[in-house]
Every structure is written in C-alpha cells, then in structure tokens.
Amino acid sequence: MATSVKNNSLPPSLISNLNQVLLSRQQHTIDHQSTNSSSLPSHSRNVDEPDCSKPLLLITNCEGIDSPGLIFLVQALLSDARFTLHVCAPQSDKSVAGHSLTIRETVAVCSVEMSGATAFEVSGTPVDCVSLALSGALFSWSKPVLAISGINRGSSCGRNMFYSGAVAAAREALICGVPSLCLSFDWKKDVSGESDLKNAADLCLPLISAAVRDIERGKFPESCLLNIEIPSSPLANKGFKLTRQSLWRSPLSWKAVSANRHPAAGQYLSNQQSLGIKLAQLSRDASAAGAARRLNSHRKNVEIESVGIAGKFNGQQTVKKYFRLELLEKETEKADDNLDFKAVEDGYVSCCNSFIFIFNRSIQD
C-alpha cells in the first residue's frame, strides 16, 4: 500500500503516516471485529451540553439519516472514542439536491435516537441541515471542529459535485467557516453491499483523525473542502492519493414515460411522517389549480401520454409529457492518473480539494 503525493494545494502533513495508521487499524479491526460490531457506547448527551474534552464533529449526509453509510460512519467514530458527535441529516434521500435551500416553507426537525450521539432529522435538504445546525438555533454551540458529509453511495467526482447534495452539505459548512470533508463510496450496482460501506467507514477514520489534528494545530489549509472518494473494494485499496478535480460527469439519460407516470408516488407518500400536512397541501394546490382552470375555461387542454412527438393542434392547447432522468454508470476511458475518478478506478482513495477547484482551477493545474 502506498500514499502518492502529487502537485496539490493540500499540505503533505494532512496524509502523512496514513499508511502506517491504516496497517495498524486493519490489524486492530481483525483482532476486535466481533466486539466492535456488537457493542457501541451507550451514553448520550444533552443538546446543550457537548463534551468539551473531545473534538466536536458535525455529521450529515444526502441519503437520509437512516442510510447505512451514515450509520456505519457514526458507529466507527463512536468506537474510536475520540470525538463528540452531533448528527443533523435529511429525513429522506436528497442525493441530487445540489446546493438548494428551503425557503417560504416550514422545515420540521425531529430528534432521533442514536446511542452515543445527539441526532436530529430534518425535512429539508442537506444544505438546510448544515445551515440550521451551524446557525445556533438548534444546537447551543457555535462551531464544530470539523463537518463531515457521508458516507454517501455514488460518485461525487468531477462535475458530479455540482449536483451532489453530499458535496453541497460540506460546501455549506465551509461557507459558514467550518472545515469539511465529503465522503463518497464508489457503489457498484449488483456488486457492492453494506459490508463494503462498513469497511469504507473504518478506512476513513485515520484521515478524519489527521484532519482534526491538523485543524487543532492550525496546519489545515483554509478554504478546504476535502472530497474523499473511496474505491468499490475498500479493503483492497492501494492507499491515499492526492488528486486533481476532473471534468468528468455521469452520463444522463432522459426517458419518456406514459401510462405509469408517477410510479414512485405511493412510496413517496408512505415515507412521509406528516401525511396529513402533505394531503392538506395537495388539497390546497388542487383547489388553486381548479380555480385557474375555471378562469381559463376557453382553453382546450390536451394531455399527451404518447412518447412520440406531438403534432400541430388547432387553437390554444396545452401539451403535457412525462420524463424520467437516470444516471448511467461511468464509462472507462483513458485519463491522467492524477485525476479523481481515474485514481478511484485504479483502486486508490482519492483526496481532492474541491472548494478551491470551484473558484480557481489553475491552482491545481
């Protein structure tokens, strides 16, 4: 296992000795796997009384508070017993929410039982979670030492970061003055499993510890959002590698749908805790839509369920179609070995400062 350090804006100290720590941690995991997997610290702390003797970490994600990646990360950090954890994550999956905020609507926050950590679920976006957590309105503390978004399934490499709710959550923390990490796992459909996420969580511990240590010593770089991409086989990784942000993006596929236009509607409603509020809102929207139709009764509405191209119609008419977007698997291509997605494909854990990339690409070129 080797750690590669190329031209990058990050200091070498951030990943120094990571290989030695990884080797020792892997041996520790083998010796204590059964114990660590079955027992977690059972203490919990009041929201207003964080343990000041340990560095305070804010944990969030984009896939929801019940996602395996977040749970395994919290368990790994609690087993490590070096940090105080506060969790504030979305109530449901917001994977491609980008840097969106919820305005002109009420955001519901509910406490969640998470042994060893203070946790809340939020009905808004990942950015809502971080913004609220750091505002002082939910937690009494002003700033944690480090904010971590993850572990999220799917790539946040390249231009995917602009869509990613995971990267957006880490970016919001940095905008608020808190150094941040975004942890993503290169999930392979029909191949990856939850055990891989657990191994990925264990793999991230030395990097998190190194980041906290550098922050406390004043050596962690300012304006740093460290985007961590974990390969699909965490236990077989080749080491940590400082990489440059690529211009790669997941291929997008828009497909027209007709008869079954909203197949996920039932699942969406079943996942809502405030079903009565949702139904009331739907009723209000339906009433408003009905009033609009009555005011425009002279218009002839035509709903097109065919996937073909609509022809010309006489008079003023409305054409409605339905489409569904899918993100396709990335295709293998030749690229610089020091780019983020290529390093992950080659089996390395990619470490890239994504925030600097947004404002000044030349820093990393």
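Just so you know, residue 1 is the first one in the sequence shown, and it goes up from there. Because the structure is predicted, anything quoted here is derived from the model rather than measured.
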Side-chain touch Leu58/Cys88, heavy atoms, less than 4.5 angstrom: yes

Closest heavy-atom pair and its distance - Phe139, His86: CD2-ND1, 3.6 Å

Distance-only donor-acceptor check, side chains Asn61 and Ser67, under 3.5 Å: yes

Salt bridge (Lys or Arg N to Asp or Glu O under 4.0 Å) involving Glu229 - partner list, sequence neighbours excluded: none

Any side-chain donor near an acceptor of the partner, Ser350 and Thr243, under 3.5 Å: yes

Qualifying residue, where the test is side-chain hydrogen bond (donor to acceptor under 3.5 Å, both in side chains) with Ser184 and the options are Ser164, Ser155, Ser156, Ser149: Ser156

Shortest non-hydrogen contact between Ser209 and Arg82, atoms and distance: OG-NH2, 2.9 Å

Side chain to side chain, Asp196 and Leu235, heavy atoms closer than 4.5 Å: no

Close side-chain approach of Leu247 to Arg159, heavy-atom, < 4.5 Å: yes

Minimal non-hydrogen separation, Ser232 against Phe185, with atom names: O-CZ, 3.5 Å

Those residues that, when tested against Leu252, pass side-chain contact (heavy atoms from CB on, under 4.5 Å) (two or more places apart): Tyr163, Arg249, Leu325, Leu327

Name of the residue among Ile208, Val349, Leu203 meeting side chain to side chain contact (heavy atoms under 4.5 Å, CB included) with Ile228: Val349

Short side-chain to backbone donor-acceptor contact, Ser131 and Asp128, under 3.5 Å: no

Residues in salt bridge (Lys or Arg N to Asp or Glu O under 4.0 Å) contact with Asp66, at least two apart in sequence or another chain: none

Non-hydrogen atoms of Ala169 and Val130 that approach each other most closely: O-CG2, 3.5 Å

Side-chain heavy-atom pair Ile65, Val87 within 4.5 angstrom cut-off: yes

Test item: Asn227 and Leu183 side chains (from C-beta on) under 4.5 Å apart, heavy atoms: no

Check: Pro234 main-chain N/O paired with Asn237 side-chain donor or acceptor under 3.5 Å: yes

Minimum-distance pair of heavy atoms, taken over all atoms of Ile230 and Ala200: CD1-CB, 3.8 Å

Nearest non-hydrogen partners of Gly69 and Leu197, listed with the distance: N-CD1, 4.0 Å

Sole candidate of Cys110, Ser92, Pro90 that passes side chain to side chain contact (heavy atoms under 4.5 Å, CB included) when paired with Glu121: Cys110

Student check: side-chain heavy atoms of Val112 and Phe120 closer than 4.5 Å: no

Stepwise salt bridge (charged side-chain N to carboxylate O under 4.0 Å, His left out) check, Asp186 with Lys188: CA-CA 6 Å; Asp186 189 24; Lys188 300 293 186 182; 3.5 Å; yes

